[in-house]
Amino acid sequence: MAPFSISEIKKKIEDFPKKNLIHLPTPLQKLENLSQELGGPEIYMKRDDLTGLAFGGNKSRKLEFIIQDVLSKKADAIITWASLQSNWCLQTAAAARKFGIKPILLLFKTYDLPEEYDGNLLLDYILDADVIIKEAEKGKAVRIGDILDMVEAVEDEVKELGHTPYVAPIGGSMVGGSMEKPLGAISYVNAFVELLEQAGKQGLEINYVIHSSGSGGTQGGLAVGAKALKEDMKVLGISVSEDKESYGKEVLTIAQDTVKALNLDLAVEKEDIIIFDEYIKEGYGILNKEVSDALRLVAIKEGIFLDPVYTGKAMAALIDLVKKGYFKKEDKIVFFHTGGTPALFPNKQHLVNFLKK
Ligand SMILES: *Cc1c(COP(=O)(O)O)cnc(C)c1O
């Protein structure tokens, strides 16, 4: 028996109010053609790219809780940061605007993409977000330790202009800034509940969930959900930036903070956080041949577009793991499509170059 029932977990999550921003539940669909093509386990996709806010994605689940927190704290501006073509920053800007909150985005040039109005940067511009672009080390996601001074400086400026800012940590994952509870991860415990209910209705027994992992909120939440509700199901996080040792610690911290926030009597341990870091390859946000091929394969077989930074890498990992015999043929795998498709466009040149090879 699982340590908790679905209704117990739902009740715990209800302690955290949220704003309605998205369409739930997102579809859970079987990828018949892809499963057949790979000749391994049955593959399903949880369509969190279809949440319906600003081109969709996992960040909009998180923002339902975070925007509520911003409003409860009576803030009228939100400051956050990430890479130049960040999905998180776009989704934050869209959610903030909808509730009359001013979005201020610190965008770091962590990869070699032009600063032109394309992809998420174009959408940020349409939303009239305040955008500050900064230089950064290439191939690495932004770490808070490196940019704390910059964030504080922006916070001071915003206050001087008479605003009350809310500082939202990157990805809405790690507790910090104005976010005192791991709200992003809590939204993914909720997503896990949603998935289990859907699977139950479809008579589907899931063995693995696999997804792209960046700032840890998605994995932290899913891992807590699995531990609480379905211990024999494994959550596999495909890291897009950090090595599994240091990143694993971060995800574990987020998961443990989530257990605490939800007041669950549950011990999430190191072994519950499964991370693969061998698919990072050239670095964060840097495209490669395997990812380009995975994007094309899923587009051709299923008519679904993945993104080049996150879900493309996670799909390249899934394909490789199937080839290596990691799964049994009777296993049922759920791949979370966490969104990010606007980043296809600024990556067009790299993408076409790889696809031509
Ligand atoms: C942010 C993001 C992820 C990673 O989610 P985290 O909760 O930050 O680990 C995965 N996919 C896409 C498209 C994202 O934008």
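Each residue takes its place number in the sequence, starting with 1. Atoms within a ligand are numbered from 1 in the order they appear, just like the ligands themselves. Every heavy atom of this structure was used, including side-chain atoms; hydrogens, water molecules and symmetry mates were not.
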Taken to the nearest 0.5 Å, the spacing of Asn207 CG from Lys328 NZ works out to 7.0 Å

Suppose we measure from [atom] to each protein heavy atom; which comes out shortest, and what is that distance?
| atom | answer |
| --- | --- |
| atom 10 (C) of ligand 1 | Thr338 OG1, 3.2 Å |
| atom 13 (C) of ligand 1 | Gly339 O, 3.2 Å |
| atom 5 (O) of ligand 1 | Asn58 ND2, 2.9 Å |

Just heavy atoms, cut-off under 4.0 Å: does Phe336 contact ligand 1 by side chain, backbone, both, or neither? neither

Enumerated ligand 1 atoms positioned under 4.0 Å from heavy atoms of [X]:
| X | value |
| --- | --- |
| Gly340 | 13 (C) |
| Ser212 | 4 (C), 10 (C) |
| Gly217 | 7 (O) |
| Asn87 | 13 (C), 14 (C), 15 (O) |

Remaining members of hydrophobic cluster (4.5 Å side-chain criterion), Ile254: Met174

Is the ring pair Tyr117/Tyr125 parallel, tilted or perpendicular, if the boundaries are 30 and 60 degrees? tilted

Are Lys59 and ligand 1 in contact, using a heavy-atom cut-off of under 4.0 Å? yes

